There are 2 protein chains.
Amino acid sequence: MSYFRGIMTPQKTFRETLIDGETLFQPSVSLDCVIFGFHENELKVLLVKAKATDHWSLPGGFVFKEEDLEDAAIRVLKERTGLNDIFLQQFHVFGSAKRSDWNVHRINFKKDGIEIGPDHWLLKRFITVGYYALVEFAHVKPTPDTSSEACSWWDLNEIGELFMDHKQILDKALETLRLQLNHLPIGYNLLPQKFTMPELQKLYETILNISLDRRNFQRRMTGFGILKKLKETRKGGAHRAPFLYTFDMRKYRKALKQGLHGGW
Amino acid sequence: MSYFRGIMTPQKTFRETLIDGETLFQPSVSLDCVIFGFHENELKVLLVKAKATDHWSLPGGFVFKEEDLEDAAIRVLKERTGLNDIFLQQFHVFGSAKRSDWNVHRINFKKDGIEIGPDHWLLKRFITVGYYALVEFAHVKPTPDTSSEACSWWDLNEIGELFMDHKQILDKALETLRLQLNHLPIGYNLLPQKFTMPELQKLYETILNISLDRRNFQRRMTGFGILKKLKETRKGGAHRAPFLYTFDMRKYRKALKQGLHGGW
DNA sequence: GTAGCATTGTGTCATAACGACGCATTAACA
DNA sequence: TGTTAATGCGTCGTTATGACACAATGCTAC
């Protein structure tokens, strides 16, 4: 977690929260969100850039004293994306005693004209809970908080070094996504309502990082019986217009309980 | 987590730890272990019974200020089982704000002649990290700590109500075990070095809670190429002596990377 | 000892799933 | 209107799966 993302209540400024944090938040615990979207046939991740840091980081936050951990994650997502009802999965806890060099934070704060003492709550050790979220790209309005320079989508392949251990957290999220692809409605949550078979295939290929045979993919997906083929096609592409599909959620959920059998 | 299991250092008594806890441990964070074993063709779980509680609970503990979360789990496991090098997997964080009614704890402590104030660190809110462990049943020496009445194996089917939300934690551990059966060396860690095909099958059947065809099971398992068939048989049973097998760890690990393909 | 019995070892067969690939169709563009 | 490139739809041989038959073996009971 970046040390000052998503930690503000709507009523309080960043500076106030920095002082009050110890009374507001559950100590020791933070959370970080890996927010996935799918756009232009690429998997994207929403990152934020704090003013005082050199690197981009995952949007994160802390847990209010009386707040459920999961509600805190929902709150952070709402703040950064503007969305409610986000598909959210906890995937790992990062609890190394030396996840971060907190001294860096003091220096960064100082650069920003903020002095914090060595016993400040923000400099204490935090164990962070990783959540990943799947969102419909087009519905998201990336929203930086007032302490951020930026909040924007990054192509998965273009992400370099991240703040603290955030790259590891991201990698673990991707690994989890892969393992859960046959057990959770991942396609449903990343794609728009209507989508084409090539789009669905590209999503699978991106997540699994493999390439698949177009025709076999189609046979298998339709074989699951979780798709409804529409009579519309997606015109405007340079070639033959592919048919649009939607998920048949009843059958999709039913199939996922068993896990979508077979390979990949 | 039971509120006073596994929180003692070797040097300190329970009562001392109760006082020092706030300075020793990372606040807000606890961990609970679901320790699985396999014995007499049944899946077992190691539970502890605290003197002051009415219910059995999962062995758990807290995290020292400078200790990695994972090391804390390893420490708890070592204390309860006597084992090093335990197969350990983090599976979920339980972060509901109202996981427990801490008032119950005060009453229980009082029964035991221990008075703690309303601001005592043990009565604060804890977010607990669930770990499951797989151990070789025969190697374990269940060891209660000095504040426990008992520490012993329970058959999975005979476990009734547990302390706080520990039943939910156990259920989630089982669910995770099921999902990871084809991706982690679960058989290897639960079974003794040498085992028979019927034993391996029973393990699968117990974890997945289904029954499988004996002959198809054997074909599939041998088909993976992860087993070495020995020339010995397990004599002493009432009928034909089954052959013994061991895992071919090289091939096992290699196969798990892809996931053991196919059904179940 | 030996017959009975329950369990394990091994194999068969039809069916379904899978991987690799061919060819016709169609929308945009030149 | 022909070219191009992506999509729709189908084939074929191989492999994996589910269901089941029968022989082999080690204890037990007489």
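What's counted below: heavy atoms across the whole structure, side chains too, no hydrogens, waters or symmetry copies. Chain letters run A, B, ... following the sequence lines, proteins first, then strands; residues in each count from 1. These numbers come from a predicted model, not from an experiment.
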Original post:
Is any side-chain nitrogen or oxygen of B/Gln218 closer than 4.0 Å to OP1 or OP2 of C/dG9?
Top reply: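 So the side chain of B/Gln218 is within the cut-off, an N or O lying under 4.0 Å from OP1 or OP2 of C/dG9.
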Subject >> Where at least one partner belongs to residues 190-199 of chain B, residue pairs that pass side chain to side chain donor-acceptor pair (under 3.5 Å), sequence neighbours excluded >> reply: B/Lys194-B/Glu232, B/Glu199-B/Arg234
Nearest whole Å is fine: how far is [N] [atom2] from [X] [atom1]?
X: B/Phe243; N: C/dT10; atom1: CZ; atom2: C1'; result: 11 Å
X: B/Asn41; N: C/dT8; atom1: CG; atom2: C1'; result: 14 Å
X: A/Arg234; N: D/dA6; atom1: CZ; atom2: P; result: 17 Å
X: A/Phe217; N: D/dA6; atom1: CZ; atom2: P; result: 18 Å
X: A/Lys229; N: D/dT7; atom1: NZ; atom2: P; result: 13 Å

Original post:
Using a cut-off of 4.0 Å between protein heavy atoms and nucleotide atoms, how would you tag nucleotides 20-30 of chain C 5' to 3' with B, S and -?
Top reply: BBB--BBBS--
**OP:** Could you tell me whether A/Phe195 and A/Phe247 have their ring centroids closer than 6.0 angstrom?
**Re:** yes
Original post:
Can you name the salt bridge (charged side-chain N to carboxylate O under 4.0 Å, His left out) partners of A/Lys229, sequence neighbours left out?
Top reply: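 Checked A/Lys229 against salt bridge (charged side-chain N to carboxylate O under 4.0 Å, His left out); zero matches.
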Original post:
Can you name the side chain to side chain contact (heavy atoms under 4.5 Å, CB included) partners of B/Leu184, sequence neighbours left out?
Top reply: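 Scan of B/Leu184 (side chain to side chain contact (heavy atoms under 4.5 Å, CB included), adjacent residues dropped) gives B/Phe87, B/Gln89, B/Tyr132, B/Gln180, B/Ile186.
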**OP:** Could you tell me which residues satisfy side-chain hydrogen bond (donor to acceptor under 3.5 Å, both in side chains) with B/Glu205, sequence neighbours excluded, listed by chain and number?
**Re:**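 side-chain hydrogen bond (donor to acceptor under 3.5 Å, both in side chains) list for B/Glu205, sorted by chain: B/Gln201.
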Pairs under 3.5 angstrom only: tabulate donor-acceptor contacts from the side chains of residues 34-42 of chain A to other protein residues two or more places apart or in another chain.
none

